[in-house]
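The sequence lines fix the lettering, A, B, ..., with proteins before strands; numbering per chain opens at 1. None of these values were measured; they are calculated from a predicted model.
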There are 2 protein chains.
Amino acid sequence: MKALVVDDDRVLADVVAFTLRREGFEVIQAHDGQMALQRWREAQPDLVVLDVNLPKIDGFTVCRQIREQSDTPVLLLTVRDTEDDIVHGLGLGADDYITKPFSPRQLVARAQAVLRRTGKAPTPAVRRVGPVTLDPSRREIRIGQAEPVLLTPLESQLLDYLMLNAGQVLTTEAIIEHVWGPAGGDRDMLRQLVRRLRSKIEPDPATPIYIETVSGLGYGFVKPLADSQ
Amino acid sequence: MKALVVDDDRVLADVVAFTLRREGFEVIQAHDGQMALQRWREAQPDLVVLDVNLPKIDGFTVCRQIREQSDTPVLLLTVRDTEDDIVHGLGLGADDYITKPFSPRQLVARAQAVLRRTGKAPTPAVRRVGPVTLDPSRREIRIGQAEPVLLTPLESQLLDYLMLNAGQVLTTEAIIEHVWGPAGGDRDMLRQLVRRLRSKIEPDPATPIYIETVSGLGYGFVKPLADSQ
DNA sequence: TAGAGCCATGACAAAGCTGTGACAAAAAAT
DNA sequence: ATTTTTTGTCACAGCTTTGTCATGGCTCTA
C-alpha cells in the first residue's frame with residue numbers, strides 16, 4: 001500500500017511519513033506541487049496526503065489534477081482556521097481533510113477510513129494468529145474462549161507489530177523504533193513493555209508460549225505449527 | 001438511501017454531498033435545473049437538496065415539477081435575505097429550507113428531519129440499541145419502560161452518533177468533529193458532555209453501562225450481547 | 001572463577017488521562 | 001430585561017500508563 005505525502009514543511013512531512021510507515025505504508029514524499037504530480041505519476045500511490053499550501057503549484061491544483069486523471073483518494077492538510085480551504089478542497093474532490101495541528105493517531109484513522117470508504121481497504125478489523133485475536137481498535141485481546149483482556153496503547157502497538165510478523169524474530173532496534181519512534185525508547189523500556197504484555201497474555205509469564213525471546217536479537221511472536229507459505 | 005444534490009455552485013454541492021455521504025447517503029449531483037430533473041427521474045432519490053438559484057430551469061420550477069410527479073421530499077437552499085424565496089418555496093411544496101451559509105450539522109439535521117417527517121424515514125424516527133431508544137427529533141431518550149428523559153441538543157447529537165456506531169469505539173477526535181464541526185471543540189468539552197449525558201442516562205454514572213470509555217482512544221456505545229462477527 | 005553482557009523482575013516515580021464539581025459565559029425562553 | 005437552560009472553562013483528585021532504577025540469574029569467555 002503506497003502513500004504519497006506532500007508538504008512544504010519537511011519536518012511535518014517526515015512526521016507524517018513516519019507515522020504512515022509505522023502502519024505498513026510505503027511512503028514517497030514531495031515538497032512542492034510540481035514534484036507531487038511527478039511523483040504521483042511515477043509511483044501511482046494508493047493514497048495522497050496533501051498540504052494545501054505549496055510552492056510552485058498549490059495544493060488545490062494538485063488535487064484537481066490528480067482527480068482529473070484518477071480516483072486516487074486524497075487527504076487534505078489544512079490550517080484550522082481556514083474553513084474556506086476545506087470547502088474548496090472538498091469541492092475539488094478531496095476525500096477528507098485534517099486540520100493542523102493533528103495527532104498521528106488521527107491521521108492514521110482518517111487515512112484508513114478513506115481507504116476503507118473508497119474500497120481500497122486493506123484494513124482488517126482484527127489481527128489473528130492461531131488462537132490469539134487482537135482488536136487494535138479496542139486494544140483488546142482474546143485468547144481462545146477466554147475473557148478478553150484490555151491492553152494499554154503501547155502494549156497493543158507492540159503486540160500488533162509482533163503478530164503482524166508472527167513467526168519471525170524482530171530485533172530490539174526495529175521494535176523500539178516501531179513502538180516509540182526514531183527518537184525515543186531504549187532496551188529497558190522494551191523489556192518492561194514485554195514483561196507487562198506477557199503478564200497479561202501468557203498463562204505463565206515465566207515460561208512464555210506466545211512471545212519468545214531470542215537472546216542477543218530480539219523478540220518474536222510464535223506461530224503455531226502448521227506451516228504454510 | 002439516495003439523495004440528489006442540486007446546486008449551481010459545484011464547490012458547495014460537493015460539500016453538501018460530502019456531508020451527506022458521511023451520514024450514509026448515496027449522493028447524486030446535478031448542476032442545473034434540467035440536469036436535476038433528468039437525474040431525479042433516473043435515480044429516484046429519497047431526498048432532494050435543491051438550490052433555488054439555478055441556470056436553465058430555476059429551482060422553484062424544479063421543485064414544482066418534482067412535486068407534481070411524486071412526493072419526494074425537497075429541501076431548499078436559499079440565501080439568508082430572500083425571505084420571499086422561502087415563502088415561495090414552501091408554497092410550492094418544499095418540505096423545509098436552509099439559508100446559506102449553513103453548517104454541516106444543520107444540513108444533516110434538517111435532511112433527516114424531513115425524511116422522518118415525510119415518513120420515508122430511513123433514519124427511522126427513533127434510534128434503538130438494546131433497551132435504549134433515542135428520538136432525535138424530540139431529543140428524548142427512553143430506557144426500557146422508564147420515563148423519557150429530555151436531552152440538550154449537543155447531548156442528543158452525541159448520543160445519536162454513538163448509537164449509530166454502537167459496538168465500535170470512536171476516537172475523541174472523530175466525535176469532537178462530528179459534534180462541534182471541524183473548527184470547534186476540545187477534549188474538555190467532550191468530557192463534560194459525556195459526563196452530562198451519562199448523568200442523564202446511566203443508572204449509576206460512576207459505573208457506566210451504556211457509554212464506555214476506552215482510555216487514550218475515545219468512547220463507545222456498548223452493544224448488548226449478540227457478538228459482532 | 002571472575003567479569004561482562006543480556007534478560008527478567010520488582011518497586012517506585014513521573015507523566016498522562018479521565019471523572020468531577022464549581023462557576024462563568026452564552027444562548028434561549030419568558 | 002430578567003430568568004432559566006445550556007454550554008464552556010478551570011482546577012483538582014484518582015487512577016492508569018509509562019519510564020527509571022536497582023537487583024539477581026544466566027550464559028559465555030578469559
Side-chain angles (χ1 to χ4, degrees), chain A residues 103-106 136 138-141 149-160 162 169-173 175-176 178-181 183-220, chain B residues 103 105-106 109 138-141 149-159 162 169-173 175-176 178-181 183-220:
Chain A
S103 69
R105 218 164 40 201
Q106 193 185 357
R138 288 171 176 282
R139 302 198 318 253
E140 204 178 69
I141 188 180
V149 178
L150 289 177
L151 303 181
T152 71
L154 285 187
E155 287 162 4
S156 169
Q157 184 87 20
L158 170 63
L159 185 59
D160 189 56
L162 292 178
V169 175
L170 302 169
T171 66
T172 54
E173 286 80 11
I175 298 174
I176 288 171
H178 187 269
V179 175
W180 280 275
D186 62 27
R187 262 143 225 267
D188 220 15
M189 286 156 61
L190 177 56
R191 272 215 300 280
Q192 286 304 328
L193 190 57
V194 169
R195 181 168 114 73
R196 284 160 180 154
L197 184 50
R198 276 177 174 156
S199 79
K200 286 193 182 173
I201 71 174
E202 298 280 2
D204 173 15
T207 57
I209 59 175
Y210 297 119
I211 301 176
E212 62 173 342
T213 301
V214 179
S215 189
L217 262 182
Y219 298 91
Chain B
S103 70
R105 211 179 353 164
Q106 194 185 356
R138 299 178 174 290
R139 303 200 316 259
E140 202 178 72
I141 187 180
V149 177
L150 288 177
L151 303 180
T152 70
L154 285 186
E155 286 162 3
S156 168
Q157 184 83 18
L158 170 63
L159 186 58
L162 292 178
V169 175
L170 303 170
T171 66
T172 53
E173 286 85 6
I175 299 174
I176 287 172
H178 184 89
V179 175
W180 282 275
D186 62 26
R187 262 144 225 269
D188 233 14
M189 286 155 61
L190 178 56
R191 273 219 304 282
Q192 286 306 328
L193 189 57
V194 169
R195 182 168 114 74
R196 284 161 180 154
L197 184 51
R198 275 178 174 156
S199 79
K200 287 193 182 173
I201 71 174
E202 298 280 1
D204 173 14
T207 57
I209 58 176
Y210 298 119
I211 300 177
E212 62 172 339
T213 301
V214 179
S215 183
L217 266 181
Y219 298 92

Polar-atom pairs under 3.5 Å, protein N or O versus N or O of nucleotides 26-30 of chain D: list them with distances, or write none.
none

Write down the protein N/O and nucleotide N/O pairs, taken from nucleotides 9-14 of chain D, whose separation is under 3.5 Å; answer none if there are no such pairs.
unit_1	atom_1	unit_2	atom_2	d
D:dC10	N4	B:Gln192	NE2	3.4

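Going from atom CD1 of B:Ile201 over to atom CD1 of B:Ile141 covers 4.5 Å, rounded to the nearest 0.5 Å. A distance of 15.0 Å separates NE2 of A:His178 from CD of A:Glu173, quoted to the nearest 0.5 Å.
By the side chain to side chain donor-acceptor pair (under 3.5 Å) test, A:Ser215 is found to be paired with no residue, residues two or more places apart in sequence or in another chain being considered. For A:Glu212, there are no side chain to side chain donor-acceptor pair (under 3.5 Å) partners at least two apart in sequence or on another chain. Evaluation of the side chain to side chain contact (heavy atoms under 4.5 Å, CB included) rule for B:Leu150 yields B:Glu140 as partners, not counting sequence neighbours. In this structure, B:Arg195 has no salt bridge (Lys or Arg N to Asp or Glu O under 4.0 Å) partners at least two apart in sequence or on a different chain. Every residue meeting the side chain to side chain contact (heavy atoms under 4.5 Å, CB included) condition with B:Leu190, not counting sequence neighbours, appears here in chain and number order: B:Leu158, B:Thr172, B:Ile175, B:Ile176, B:Trp180, B:Val194, B:Tyr219. By the side chain to side chain donor-acceptor pair (under 3.5 Å) test, B:Ser199 pairs with no residue at all, sequence neighbours left out. A:Arg191 is linked by a side chain to side chain donor-acceptor pair (under 3.5 Å) to A:Asp188, counting only residues two or more places apart in sequence or in another chain. Shown here are the side chain to side chain contact (heavy atoms under 4.5 Å, CB included) partners of A:Glu202, two or more places apart in sequence or in another chain: A:Arg198, A:Pro208, A:Ile209, A:Tyr210, A:Ile211.
Contact check of residues 200-213 of chain B against DNA chain D (heavy atom, cut-off under 4.0 Å) returns no residues at all.
Atom CZ in B:Arg187 sits about 7 Å away from atom P in C:dC17, given to the nearest Å. Atoms CZ (A:Arg195) and C1' (D:dG19) sit 13 Å apart, rounded to a whole Å. As a whole-Å value, the separation of A:Leu197 CG from C:dA8 P is 12 Å. In this structure, CG of B:Leu150 is placed 13 Å from P of C:dA29, rounded to the nearest angstrom.
Within the 4.0 Å cut-off from OP1 or OP2 of C:dA8, at least one side-chain nitrogen or oxygen of A:Tyr219 is found. Between B:Trp180 and the phosphate of D:dG8, there is a side-chain N or O to OP1/OP2 separation shorter than 4.0 Å. One finds a side-chain N or O of A:Arg198 lying less than 4.0 angstrom from the OP1 or OP2 phosphate oxygen of C:dA8.
Residue-to-nucleotide proximity on DNA chain D shows that, of B:Thr152 and A:Leu193, the 5′-proximal contact is made by B:Thr152.
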